[in-house]
Amino acid sequence: MTTIYSARWVLPVADAAIENGAVTVEGQRIAGVGPTAELVATFPDAKRESLGEAVILPGLINTHTHLELTALRGYLEKEETNFFAWLRKLTIARLERMTPDDIRVSATWGACEAVRAGITHVGDASDSALQSMLALQEVGLGGVVFQESFGPDARLVQENFEKLKVKVNELRAHESELVRAGVSPHAPYTVCAPQLELIAELAQAEGLPLMMHAAESEAEELLLREGCGPFAEGLARRSIEWNAPGVSTIQYLKQHGILATRPLLAHCIRVDDRDIETLRETQSTVAHCPKSNAKLGHGRAPFAKFFDAGVRVGLGSDSVASNNTCDILEEARLATLLSRAAGAHISAEQALHAATFGGELREGAKADLVAVGLNGAHQTPNYDPAATLIFSSSGRDVILTVIDGREIYRDGRITTVDEDRLRARMREIAANLRG
Ligand SMILES: [Zn+2]
């Protein structure tokens with residue numbers, strides 16, 4: 001089927017905005033982008049969908065999520081001043097207080113929230129990656145689901161690595177064109193060096209994308225550089241040996257093979273100029289998570305420096321346990337404002353480039369696109385659609401999300417799942433967690 005989506009504006013991101021523009025979708029591909037009159041003449045038999053006062057742009061990409069933790073939105077507010085206690089309460093809730101079905105519902109609800117906010121693909125890290133992958137597929141959201149691996153104790157490396165391989169094989173068996181499998185050694189403070197090396201080798205041998213948390217907190221930096229602080233104390237309490245390498249996280253990850261996999265690294269707050277150069281040389285990608293970083297008091301990543309250095313950078317919400325929404329337009333606004341507040345200019349176009357992870361509307365590209373309504377009081381008048389999107393709009397203004405040619409969100413409803421049933425289950429899960 002061929003459909004022409006037209007709107008007041010089309011913003012291909014890579015090219016200039018088109019007033020009274022349209023995008024033709026043929027199956028899973030974009031067949032044309034241009035002025036509406038031209039596309040109607042080229043595709044006279046296509047179905048017409050006029051979206052009115054709106055802007056059509058490439059799908060938004062959330063490069064760092066943990067959708068399985070959506071039920072923990074607002075659950076950890078009291079622990080936020082102590083990252084160690086925060087992680088501990090989160091881990092106990094997920095492992096001991098949520099059933100596999102709770103995890104699945106939590107991830108599915110998170111996928112709905114993402115699609116409602118115009119997100120077409122996610123980089124999702126999950127301890128229960130299979131549940132998350134099935135949730136994405138049920139909703140029709142695209143992305144990579146990274147199976148997490150934990151293991152700070154070098155004595156348990158083989159055991160932990162075997163467990164990971166079993167889970168990854170299971171995950172791969174469920175891969176689809178839309179949702180792929182990846183691996184994620186959780187963080188430098190939860191995975192020991194020999195385990196990092198084995199996972200890096202596995203990723204390279206199997207062609208698996210690799211994501212990990214890197215250079216996020218002061219506690220992590222203290223552990224790596226000086227071998228002290230809350231993470232060091234936590235390891236000592238469990239009689240786990242730790243020898244501080246005395247280098248930054250980025251150099252440590254390079255030493256242990258992680259950067260050879262061209263990883264996606266979440267956070268990258270505590271990086272110096274040499275680290276940024278290392279990220280560029282190794283073609284590592286950064287998932288910049290400004291709201292999560294601010295909410296947990298971890299600081300601010302050098303967003304503009306990544307751009308200037310030619311490091312590929314996208315935006316991530318992280319889990320809604322530390323955000324508390326999954327909204328990449330909000331993330332883009334905060335990234336831009338925080339950068340400017342620190343004296344480093346980011347343009348609305350650069351912010352959109354990060355929000356779409358370099359995505360573009362062009363003939364032949366995958367039909368992943370979003371329409372943002374422009375009728376809001378907060379968006380009127382609109383002189384420049386890019387600026388209106390970044391500085392005046394949020395995911396709540398999205399009116400249509402098309403993923404792989406399918407309308408997944410339209411007219412205020414997700415088309416693929418029963419949101420009322422999921423909402424009721426989410427409230428039940430929260431009642432159990434509260435009790
Ligand atoms: Zn994270």
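In listed order, ligands and their atoms are each counted from 1. Every heavy atom of this structure was used, including side-chain atoms; hydrogens, water molecules and symmetry mates were not.
- Note on the Zn ion (ligand 1): protein N, O or S atoms under 2.8 Å away count 4, no waters included.
- Within 6.0 Å of the CZ atom in Arg425, the count of heavy atoms belonging to other residues, nucleotides or ligands exceeds 12.
- Look at Glu241 and Arg155 and you find no salt bridge, because none of the NZ, NE, NH1 or NH2 atoms lies under 4.0 Å from a carboxylate O.
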* Give the C-alpha distance, both sets of side-chain angles, the deciding distance and a yes or no for side chain to side chain contact (heavy atoms under 4.5 Å, CB included) between Met133 and Glu175. => CA-CA 8 Å; Met133 179 178 270; Glu175 273 185 314; 4.0 Å; yes
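- Among the candidates His267, Lys291, Lys295, the single residue satisfying the side chain to side chain donor-acceptor pair (under 3.5 Å) test with Asp318 is His267.
- Atom CG of Asp404 and atom NZ of Lys366 lie 4.0 Å apart (nearest 0.5 Å).
- Between Arg94 and Glu68 a salt bridge is recorded (basic side-chain N to carboxylate O distance below 4.0 Å).
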